[in-house]
Protein chains: 2
Amino acid sequence: MSTAASTAEVSDIQVGAPPRRQLTKVFKALSDGTRQEILRLLEGHQRTVGEIVGNFNLSQPTISRHLSVLKEAELVVDQRQGQNVIYRLNDEALSASMRSFFGQFRSCQHSLR
Amino acid sequence: MSTAASTAEVSDIQVGAPPRRQLTKVFKALSDGTRQEILRLLEGHQRTVGEIVGNFNLSQPTISRHLSVLKEAELVVDQRQGQNVIYRLNDEALSASMRSFFGQFRSCQHSLR
DNA sequence: TGAACCCCTGACCCAACGGTTATGAGCCGT
DNA sequence: ACGGCTCATAACCGTTGGGTCAGGGGTTCA
């Protein structure tokens, strides 16, 4: 038992951390350049779908699909506001996913606070 | 300018950070459960292909292709040793990718050292 | 109610992905 | 040189993924 935790024997997984299936969803969501770009757009600002579409040379349905993938991965949150639907980053989920995956690797723990 | 760097005005991108195309490769590589599992196997130990195959109910060629995807993403490094080929984690690339992507988001910067 | 706007969903197409089997290349032992 | 072991690659197949266009549901305003 090298790095044994307190009570549980196999406790690689932190409490409150996303389960593995969800983590795979997250990486699938991040594995597309357009979706990465969308996340960058949402950093800081919340934006309507139309605003997001305006930043790409892609059709509105295509962006809508990307957004639903990001929502499924819980990386973004949407909220209806009149005619518009506003998307914003789900900050907690983003950093939780990051910590839960990369925390498994010694070389990354150095970089985690 | 909260965490402004020295000279450059727009320096979201760290020096020595992987370019975006490479980052997408990394997330694509991470977006498969088997490949995530392989990385966990390689944490700490280096292993031969045969040892890795022994941990899955998948054929040797399948694992071999997964390994080549991970290698393309520079998440692992291989090295011939006699009959065997030994794979090990590429620690630097892993943590560099993590920092370079998640560093873009305020909510994640809190967790980065 | 109806028109206009914003966005999502369905149906479809082609490319990419993950799995398989078969085969071959590279390295050892005898 | 040969046989056996390890691993990678080629060819193939079904599924998933990302794109399009067409259409429809929700909301606002007159």
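Lettering follows sequence order; numbering is per chain, from 1.
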Phosphate contact ([N] OP1 or OP2) by [X] side-chain N/O below 4.0 Å:
| X | N | result |
| --- | --- | --- |
| A:Ser59 | D:dT20 | yes |
| B:Thr62 | C:dG19 | no |
| A:His66 | D:dG19 | yes |
| B:Ser64 | D:dC7 | no |
| B:Tyr87 | D:dT6 | no |

Please determine whether residues [X] and [Y] belong to a single hydrophobic cluster, defined as Ile, Leu, Val, Met, Phe, Trp and Tyr linked transitively by side-chain heavy-atom distances below 4.5 Å.
| X | Y | result |
| --- | --- | --- |
| B:Ile52 | B:Val85 | yes |
| B:Val77 | B:Leu75 | no |
| A:Val69 | A:Leu41 | no |

Close side-chain approach of [X] and [Y], heavy atoms under 4.5 Å:
| X | Y | result |
| --- | --- | --- |
| A:Leu42 | A:Arg88 | no |
| A:Met98 | B:Ser111 | yes |
| A:Val49 | A:Tyr87 | yes |

Under a 4.0 Å heavy-atom cutoff, the residues of residues 28-49 of chain A touching DNA chain C are A:Thr48, A:Val49

Once you round it to whole Å, what is the distance between [atom2] of [N] and [atom1] of [X]?
| X | N | atom1 | atom2 | answer |
| --- | --- | --- | --- | --- |
| A:Gln60 | C:dC6 | CD | P | 10 Å |
| A:Glu51 | C:dC7 | CD | C1' | 14 Å |
| B:Leu70 | D:dA8 | CG | P | 12 Å |
| A:Glu72 | D:dG17 | CD | C1' | 15 Å |
| B:Asn84 | D:dA8 | CG | P | 10 Å |
| B:Asn57 | C:dG19 | CG | P | 12 Å |
| A:Asp78 | C:dC8 | CG | P | 7 Å |
| B:Leu58 | C:dG18 | CG | C1' | 9 Å |

Difference in axis direction between the ends of the helix from C:dT1-D:dA30 to C:dC27-D:dG4, five pairs, 10°: 30°

Would A:Glu43 and B:Arg106 satisfy side chain to side chain contact (heavy atoms under 4.5 Å, CB included), going step by step from the backbone distance to the final call? CA-CA 8 Å; A:Glu43 164 65 17; B:Arg106 276 188 57 261; 3.3 Å; yes

At under 4.0 Å between heavy atoms, what does B:Phe56 touch on the DNA or RNA strands: base, sugar-phosphate, or nothing? nothing

Between B:Gln83 and A:Arg65, which is nearer to the 5' end of DNA chain C once each is assigned its nearest nucleotide? A:Arg65

Taking A:Glu37 first and then A:Arg40, would you say they form a salt bridge - that is, a charged N and a carboxylate O separated by under 4.0 Å? yes

Passes side chain to side chain contact (heavy atoms under 4.5 Å, CB included), B:Ser100 versus B:Leu23? Steps please. CA-CA 9 Å; B:Ser100 112; B:Leu23 206 53; 3.8 Å; yes

When you match A:Val69 and B:Val85 each to their closest nucleotide on DNA chain D, which lands nearer the 5' end? B:Val85

Taking it one step at a time, do A:Gln36 and B:Thr24 satisfy side chain to side chain contact (heavy atoms under 4.5 Å, CB included)? CA-CA 9 Å; A:Gln36 291 178 27; B:Thr24 297; 3.2 Å; yes

